Asks: 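Below is a structure I'd like to ask you about.
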Amino acid sequence: MHDIRFIRDHPEAFDAGLKKRNLPPLAAELLAIDKRRRAAISESEAAQARRKALSRQIGIAKAKGEPAEALMEEVANLEASLKKGEAEAQRLDEELTRRLEVLPNLPFDDVPDGTDETGNVEIRRVGNQRNFAFTPKDHVVLGEATGEMDFAAASKISGSRFVFLKNRLAKLERAIAQFMLDLHTSEEGGYTEVNPPFLVRDNAAYGVGQLPRFAEEMFHTDNGFWLIPTAEVPLTNLVNDTVLDEKDLPLRFTAWTPCFRSEAGAAGKDTRGMIRQHQFPKVELVSITTPEQSAAEHERMTARAEEVLKRLGIAFRTIVLCGGDMSPASRKTFDIEVWLPGQNAYREISSCSNCGDYQARRMGARYRPKEGKGTRFVHTLNGSGLAVGRTLIAVLENYQNEDGSVTIPEALRPYMGGLATIPGPVARK
RNA sequence: GGAGAGGUGGCCGAGCGGUCGAAGGCGGCGGUUUGCUAAACCGUUAUACGGGGUAAACCCGUAUCGAGGGUUCGAAUCCCUUCCUCUCCGCCA
């Protein structure tokens with residue numbers, strides 16, 4: 001949600017931000033509505049002030065036992081214009097909100113221009129892509145060969161975009177999630193572990209900007225709940241409708257949850273394997289900060305997500321998304337892309353966004369500054385730390401051996417009961 | 001699912017239809033006292049929007065007592081609808 005006063009004071013900056021989003025300028029149009037809105041408010045409030053004063057006089061007159069008919073008649077005469085003025089002010093206010101709430105957040109100046117993913121800019125590469133002495137298989141071949149990754153069974157029960165993991169792979173997925181949570185909740189990580197609800201109401205989905213824009217991307221129950229598409233929804237809403245103390249900021253939350261996405265509009269995209277599922281586990285990171293802290297917190301959060309892949313010893317690159325590829329709530333987004341030898345490509349495994357005060361305004365999440373009066377909106381940030389399903393894919397594909405077995409990265413072995421290798425199909429016979 | 005209770009300021013908690021933005025307490029802030037801290041005492045302390053003002057301080061106005069309607073000259077207070085929370089019973093992981 002945008003602040004109309006910001007638009008009033010910086011119309012050209014607002015339009016420049018929209019341009020980065022590949023949208024036409026709107027400041028002039030919005031300010032015209034705002035102008036009429038403010039005029040209507042002034043007019044309506046003046047009438048209300050008159051009524052209030054008269055009613056007070058009526059009260060005083062009646063208390064004294066004096067006649068008040070003349071005063072009451074005067075109020076009655078106000079009634080029609082009063083009702084009309086109030087309705088007009090409300091109508092214009094709602095119109096403005098309706099226009100503002102669907103607009104995306106303004107990208108920071110250092111966000112690159114672009115209309116789609118081709119405009120994204122790589123900012124670093126970490127680790128070396130592994131050299132294979134054989135042709136690496138993708139995770140589907142590896143997993144199905146051992147029977148521990150079963151798409152056929154899942155499709156019988158739930159249709160496409162679901163999977164059964166069994167035995168070592170089921171355990172490996174859990175190990176990965178535990179490893180991530182332990183890292184993020186360590187002293188160095190600084191996040192507080194949270195186990196949130198997976199079903200949320202409209203207002204929570206609205207607060208982070210999922211509604212009204214992305215209703216078709218989420219699963220909905222017939223009694224009104226939304227299945228969370230990411231733990232960002234419950235974690236960020238932890239501070240909705242609250243006034244925090246500056247001394248308590250930043251707040252850092254992490255959660256391991258399933259994420260549910262209808263993937264409407266992704267028909268035919270990544271239909272093979274576990275890359276894009278209706279349900280996938282993810283470890284999420286959310287930070288609540290002051291406006292001054294948010295840029296540094298954004299770098300920190302991204303670094304914490306990268307740390308997972310560093311410790312797993314898997315190559316990745318980090319890119320900054322261009323204005324046209326960022327999610328609407330974000331002012332700046334870093335994507336971490338992991339090297340997948342089975343696809344011979346870097347694929348998104350994390351997305352870390354600084355949402356500025358966009359979500360805070362929608363949620364009513366404020367804080368009291370140490371200095372000065374009043375309250376200010378907090379800044380909210382969220383990032384994957386990491387997508388667990390895709391991390392599983394990355395481990396399988398990067399640590400595979402020629403016989404189809406998979407070496408377990410050192411960092412995960414404590415979570416696998418010390419197991420060093422998931423045996424391949426031949427070894428099982 | 002059945003039966004009840006309740007939603008008031010950062011938090012807790014009062015509130016006969018008329019000067020209630022709302023008693024009191026806690027917390028916060030400022031001060032007095034104090035070797036320091038604590039305690040005590042005094043004062044102060046809501047938010048949003050509109051207007052004015054030096055985009056400060058501040059001033060004026062309006063709204064806000066879960067939300068939305070209604071009654072009334074006037075509603076935190078009465079009526080209706082709705083959402084939410086809690087308690088007990090039943091059922092259940």
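All values below come from the heavy atoms of this structure, side chains included, with hydrogens, waters and symmetry mates left out. The shown structure was predicted, so the numbers you read here are calculated from the model rather than taken from an experiment. Labels below follow one simple rule: chain letters A, B, ... track the order of the sequence lines, proteins then strands, and each chain is numbered from 1.
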Asks: What is the separation between atom CZ on A/Arg5 and atom C1' on B/G51, rounded to the nearest whole Å?
Replies: 13 Å
Asks: Determine the interatomic distance between P on B/U64 and the same-named atom on B/U19; round to the nearest Å.
Replies: 14 Å
Asks: B/U19, B/U47, B/G18: which one has an atom nearest the side-chain heavy atoms of A/Arg56?
Replies: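 Per side-chain heavy atoms of A/Arg56, the pick is B/U19.
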Asks: So what does A/Leu244 hit on the nucleic acid, given a heavy-atom distance under 4.0 Å: a base, only sugar-phosphate, or nothing?
Replies: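 The answer is nothing, as A/Leu244 stays clear of every strand by at least 4.0 Å.
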Asks: Under a 3.5 Å cut-off for both distances, is B/G17 Watson-Crick or wobble paired, and to whom?
Replies: none
Asks: Quick one: is A/Arg51 getting a side-chain N or O under 4.0 Å of the B/U62 phosphate, OP1 or OP2?
Replies: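 For B/U62, neither OP1 nor OP2 has a side-chain N or O of A/Arg51 closer than 4.0 Å.
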Asks: Do the charged groups of A/Arg376 and A/Glu246 touch, with an N to O distance under 4.0 Å?
Replies: no
Asks: Between A/Thr302 and A/His298, is there a donor-acceptor pair closer than 3.5 Å when you use the side chain of the first and the backbone of the second?
Replies: yes
Asks: Checking all strands, does A/Arg37 fall into the base, sugar-phosphate, or nothing category for heavy-atom contacts under 4.0 angstrom?
Replies: sugar-phosphate
Asks: What is the distance, to the nearest angstrom, from the CD atom on A/Gln48 to the P atom on B/U62?
Replies: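 Interatomic distance, CD of A/Gln48 to P of B/U62: 8 Å.
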Asks: Please report the C-alpha distance between A/Leu165 and A/Met274 in whole Å, then the side-chain angles of each, then the deciding distance to 0.1 Å, and finally whether the side-chain contact (heavy atoms from CB on, under 4.5 Å) criterion is met.
Replies: CA-CA 10 Å; A/Leu165 296 180; A/Met274 283 179 62; 3.9 Å; yes
Asks: To the nearest angstrom, how far is A/Lys62 atom NZ from B/U19 atom P?
Replies: 15 Å
Asks: Using purine N1 to pyrimidine N3 plus N6-O4 or O6-N4 for Watson-Crick, or N1-O2 and O6-N3 for G-U wobble, each under 3.5 Å, what pairs with B/C36?
Replies: none
Asks: Kindly determine whether A/Glu284 and A/Lys282 satisfy salt bridge (Lys or Arg N to Asp or Glu O under 4.0 Å), including the steps that lead there.
Replies: CA-CA 6 Å; A/Glu284 182 73 359; A/Lys282 180 157 62 70; 2.7 Å; yes
Asks: Starting from C1' on B/G51, measure out to NZ on A/Lys35 and report it in whole angstrom.
Replies: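 So the two atoms are 15 Å apart, to the nearest Å.
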Asks: Within the structure, does a side-chain N or O atom of A/Lys52 lie under 4.0 Å from either OP1 or OP2 of B/A63?
Replies: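 Yes, within the criterion.
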Asks: Roughly how many Å apart are B/C26 and B/U81, using the C1' atom of each and rounding to a whole number?
Replies: 36 Å
Asks: Is there a donor-acceptor pair under 3.5 Å between the side chain of A/Glu397 and the backbone N or O of A/His139?
Replies: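 Pair found, side chain donor or acceptor close to backbone of A/His139.
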Asks: Quiz question: by atom type and distance under 3.5 Å, do the side chains of A/Ser405 and A/Gln400 form a donor-acceptor pair?
Replies: no
Asks: What contact category does A/Ile58 fall into here, base, sugar-phosphate, or nothing, at under 4.0 angstrom with non-hydrogen atoms?
Replies: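 It contacts base atoms.
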Asks: Select base, sugar-phosphate, or nothing to describe what A/Arg201 touches, counting heavy atoms under 4.0 Å on all strands.
Replies: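 Sugar-phosphate contact only.
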Asks: How close or far is atom P of B/A55 from atom NE2 of A/His10, stated in whole angstroms?
Replies: 13 Å
Asks: I need the CD-P distance between A/Gln90 and B/G50, as an integer number of Å.
Replies: 16 Å
Asks: Can any side-chain N or O of A/Asp245 pair as donor or acceptor with the backbone N or O of A/Lys247 at less than 3.5 Å?
Replies: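 No.
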Asks: Please state how far atom CD in A/Glu94 lies from atom P in B/A67, giving the value in whole angstrom units.
Replies: 15 Å
Asks: Looking only at atom C1', what distance separates B/U71 and B/U85, rounded to whole Å?
Replies: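 About 29 Å, rounded to a whole number of Å.
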Asks: Could you pick out which residue, A/Asp34 or A/Arg50, lies toward the 5' side of RNA chain B when each is mapped onto its nearest nucleotide?
Replies: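 Mapping each residue to its closest nucleotide by heavy atoms, the 5'-most match is A/Asp34.
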Asks: Is any side-chain N of the basic residue among A/Arg311 and A/Glu188 closer than 4.0 Å to the acidic one's carboxylate O?
Replies: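 Answer for the salt bridge query: yes.
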Asks: Counting just side-chain N and O atoms, does A/Arg368 come under 4.0 Å of either OP1 or OP2 of B/C11?
Replies: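 No, because none of the side-chain N or O atoms of A/Arg368 sits under 4.0 Å from OP1 or OP2 of B/C11.
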Asks: Could you tell me which nucleotide pairs with B/A57 by Watson-Crick or G-U wobble geometry, both distances under 3.5 Å, or answer none if nothing does?
Replies: none
Asks: Between B/C12 and B/C92, how far apart are the two P atoms, rounded to whole Å?
Replies: 36 Å
Asks: Determine the interatomic distance between P on B/G21 and the same-named atom on B/U77; round to the nearest Å.
Replies: 13 Å
Asks: Identify which nucleotide among B/G51, B/G61, B/C73 has an atom closest to any side-chain atom of A/Glu45, counting heavy atoms from C-beta outward.
Replies: B/G61
Asks: Could you let me know what B/U64 is paired to, Watson-Crick or G-U wobble, both distances under 3.5 Å, or none if it's on its own?
Replies: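 Partner of B/U64: B/A46.
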Asks: My understanding is that a pair needs two contacts under 3.5 Å, Watson-Crick or G-U wobble. By that rule, which nucleotide pairs with B/A93?
Replies: none
Asks: Within the pair A/Arg366 and B/G10, is there a side-chain N or O less than 4.0 Å away from OP1 or OP2?
Replies: no
Asks: Say we look at B/G18 and B/G52: how far apart would their C1' atoms be, to the nearest angstrom?
Replies: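 Rounded to whole Å, the distance is 31 Å.
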Asks: Strictly by Watson-Crick or wobble contacts shorter than 3.5 Å, is anything paired with B/C26, and which nucleotide is it?
Replies: B/G10
Asks: Using the C1' atom on both, measure B/A5 against B/G10 and round to a whole Å.
Replies: 26 Å
Asks: Counting only side-chain nitrogens and oxygens, does A/Thr375 get under 4.0 Å of the OP1 or OP2 atom of B/A48?
Replies: yes
Asks: Considering every strand shown, what is the Watson-Crick or G-U wobble mate of B/C86 when both distances are under 3.5 Å?
Replies: B/G4
Asks: Using the C1' atom as the reference point in each nucleotide, state the distance between B/A22 and B/A46 in Å, no decimals.
Replies: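 Nearest-Å result for B/A22 against B/A46 at atom C1': 11 Å.
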Asks: Does the structure show a Watson-Crick or G-U wobble partner for B/U71, both distances under 3.5 Å? Name it, or say none.
Replies: none
Asks: Starting at CG of A/Leu82 and ending at P of B/A63, how long is that distance when rounded to a whole Å?
Replies: 10 Å
